[in-house]
Structure formats: C-alpha cells, structure tokens
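One structure is given here, and the rest of the page talks about it.
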Amino acid sequence: MAKQTNIRLDEAIKAAAEDRAKRRGLSLQGYVADLIEADVNQSRAAFMAGAAAFLAAYTEKFEAEVGEDRYPGLPDKSAESRGAA
C-alpha cells in the first residue's frame, strides 16, 4: 500500500517539475514518485553489481577457508578455470 509523503519545493522548482510532469503525461506526484523509484533502483542495481563482483573475486578464498560450497546453485568458477588450464 502506498504511503503519502509531503515535500516542500521552491516555487520555481515546483513550476519546472510540473512542466516536466505535464510533458511526460504525469501528475506532479507521479513524476516525483518515478524520479525517486528510478534513483532507488539505480542504487540497488549498483549495490548488487558490487556484491556480485565481490563474490566473484573472493569465492575461492571463502571456499578454501570454509571448506564447502556456501553458495549452492551458483556456477562453480573454480572447476571451470581448472578445466580450461
């Protein structure tokens, strides 16, 4: 369920935002909600990409330390790299 949030905007910023919303066929509320959602999704995607890169870089070290597959279902990169050698 959506929650209501109030924001304060300078008059010039509000007028510019209303104009941009109108050009997109959106209400000011819809325009602002879309901007926030896009920003949140971009941040989430950047975090997930960073997490994936971290796991890719350190999976072998984690497995060597722990001694088991801590990420079942993910491709076994170490087996792939051994087969290619």
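Every value quoted in this text rests on a predicted model; they were computed, and no experiment measured them.
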Write out all pairs satisfying salt bridge (Lys or Arg N to Asp or Glu O under 4.0 Å) with one or both partners inside residues 21-32, taking only residues at least two apart or from two chains.
Asp19-Arg23
Who passes side-chain contact (heavy atoms from CB on, under 4.5 Å) against Lys14, sequence neighbours left out?
Leu9, Glu18, Leu28
List in chain and number order the residues that pass side-chain contact (heavy atoms from CB on, under 4.5 Å) with Arg8, two or more places apart in sequence or in another chain; answer none if no residue qualifies.
none
Between side-chain atoms of residues 40-58 and protein atoms elsewhere (two or more places apart, or another chain), which donor-acceptor pairs fall under 3.5 Å?
from: Asn41; atom 1: OD1; to: Arg44; atom 2: NH1; distance (Å): 3.0
from: Asn41; atom 1: ND2; to: Glu37; atom 2: O; distance (Å): 3.4
from: Ser43; atom 1: OG; to: Asp39; atom 2: O; distance (Å): 3.1

Quick check: closest heavy atoms across Ala21 and Ser27, and the distance to 0.1 Å?
CB-O, 3.6 Å
Output all residues satisfying salt bridge (Lys or Arg N to Asp or Glu O under 4.0 Å) with Asp34, sequence neighbours left out; order by chain, then residue number.
none
